[in-house]
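Every chain is numbered from 1, with letters handed out A, B, ... down the list of sequences. On a predicted model such as this, the values are computed, not experimentally measured, just so you know.
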Amino acid sequence: MDSGVILNSSLSGGLDLQATLESGQTYLWDRDDGEDYLSSGLSGGSAWYSSVIEGSVIRLRQVEGQLEWRSTSNVDKVIRRVLGLDDDLDQIMKMSIEDSLIESAYSTYKGMRIVRDPFFPCVVSFICSSQMKVERIFGMQQRLRRKYGDKIRFEGKDYYEYPKVEVLADLDESDLREMGFGYRAPYVIETAKMLKNDPDGVGYFVEDYEQNREKLTELRGVGQKVADCICLFSLGHLEAVPLDTWIRSTIKTHYPNCDHKSYQDMSQAVRNKFGPYAGYVQTYIFHYLRHEAGRTSNIVSL
DNA sequence: CGCCAGGCTAGCG
DNA sequence: CGCTAGCATGGC
């Protein structure tokens, strides 16, 4: 057993743990207060979150201006990496374009950070994300962990690690279809087979962002958008901008000059517009618009 | 019932 | 190349 504390005031731009873990970047965390996880919105302010990363159970909560953690081992450095705590948020916000929508999103969720999820879980999560509501993606990944992941006991409770590559690689397509994966089932299994000897995706990391995006599309079920999610939420390419339906429609109405038919052209235009940390800008907008739309059941107009 | 959800693949011109 | 039909499933 080990535990520790990280002070909010020691982090540039602070931390908003709930926004970081519930904004649809990562699907690897459970919230203690259970069933209506992520569906009821605002009530997770000081709740405990738990995950298993690199074989360690990690429990986190944010209360009174600090981040508390408890774990099976010393995970201070793991937490800092996975939650992007070393990102200089003040500087990132300074280097993004001035714009009313972006400033609203930044101020509403100040402290939200880009995660760095472990490679394989990130890949599978976003293969599953295609044509799927955000709330359902959480459920799918949770069921996958509880059915095929290794169980670790910690402080009287069971926690499930994300399934290992070789376990998913050896599944039958019907196993995942029965869990509601639909047409994504064969994609997950084929990609797991491709990564059986490279679970950390060492061979799929490229220094250059655009080359990295193309490289990732070699994986089954990974197109340009999912590749961008992996670039941003696992590999640390902070200029990556996943062009999903929300962002595309936002771009169309808000920044019509950046609207292009081809993914590459639109990606390039948006990155030129948003700045070197375009991925941060995109993630704030995505979370802000989705959340506001949920609260008002209406389109946000600014 | 129809429509849509953090899209991708295969197959066409 | 660019374009599009088809694809599973659940919720409204």
Pairwise P distance, dA8(C) and dG11(B) [rounded to whole Å]
15 Å
Nucleotide by nucleotide, nucleotides 5-12 of chain C touches protein heavy atoms under 4.0 Å in the pattern (B base, S sugar-phosphate only, - none) --BBBS--
side-chain hydrogen bond (donor to acceptor under 3.5 Å, both in side chains) evaluation trace for Asp87(A) with Tyr277(A):
CA-CA 11 Å; Asp87(A) 292 349; Tyr277(A) 298 102; over 6 Å; no
In whole angstrom, what separates Leu216(A)'s CG from dT9(B)'s P?
12 Å
Near DNA chain B, counting only heavy atoms under 4.0 Å, which residues of residues 223-240 of chain A show up?
Gly223(A), Gln224(A), Lys225(A), Val226(A), Phe233(A)
Within this structure, what is the CZ-to-P distance between Arg220(A) and dG7(B), rounded to whole angstrom?
18 Å
Got a sec, which residues hit side-chain hydrogen bond (donor to acceptor under 3.5 Å, both in side chains) with Glu173(A), two or more places apart in sequence or on another chain?
Arg177(A)
When you group the ILVMFWY residues by side-chain heavy-atom contacts below 4.5 Å and let the links chain together, are Tyr204(A) and Val206(A) in the same group?
no
Nearest whole Å is fine: how far is dG7(B) P from Lys261(A) NZ?
20 Å
Nearest nucleotide by nearest heavy atom, which residue falls closer to the 5' end of DNA chain B, Val222(A) or Gln282(A)?
Gln282(A)
With a 4.0 Å heavy-atom cut-off, tell me which residues in residues 192-200 of chain A come close to DNA chain B, sorted by residue number.
none
Treating Gln282(A) as the side-chain partner and Pro242(A) as the backbone partner, does any N or O pair qualify as donor plus acceptor under 3.5 Å?
yes
Atom-to-atom span, CH2 of Trp246(A) to P of dG7(B) - whole angstrom:
11 Å
Measure CE/Met266(A) against P/dG7(B) and give the value in whole Å, please.
13 Å
Under 4.0 angstrom, heavy atoms only, what part of the nucleic acid is Tyr27(A) near: base, sugar-phosphate, or nothing?
base
Smallest separation among heavy atoms of Arg136(A) and Gly180(A), with atom names
NH2-O, 4.2 Å
Carefully, step by step, assess Arg113(A) and Leu83(A) under the rule side-chain contact (heavy atoms from CB on, under 4.5 Å).
CA-CA 7 Å; Arg113(A) 288 163 183 278; Leu83(A) 297 185; 5.5 Å; no
Please find out if less than 6.0 Å separates the ring center of Phe205(A) from that of His237(A).
yes
What distance, rounded to whole Å, do you find between the two P atoms, one in dG6(C) and one in dG2(B)?
16 Å
Ionic contact status for Asp175(A) with Lys147(A), cut-off 4.0 Å
no
Charged N-O contact under 4.0 Å between Glu239(A) and Arg271(A):
no
Comparing Thr217(A) and Ile247(A) on DNA chain B - which has the more 5′ nearest nucleotide
Ile247(A)
Would you please confirm or rule out a distance under 4.0 Å between OP1 or OP2 of dG7(B) and any side-chain N or O of Thr245(A)?
yes
Mind checking who shares a hydrophobic cluster with Ile152(A), ILVMFWY linked at side-chain heavy-atom distances under 4.5 Å?
Met1(A), Val52(A), Val57(A), Phe154(A), Tyr159(A)
Residue pairs passing the ring-ring contact (aromatic ring centres under 6.0 Å, His included) test where at least one lies in residues 72-102 of chain A, sequence neighbours excluded
none
Between C1' on dT9(B) and CD1 on Ile189(A), what's the gap in Å once rounded to a whole number?
17 Å
Basic-acidic side-chain contact under 4.0 Å: Glu161(A), Arg145(A):
no
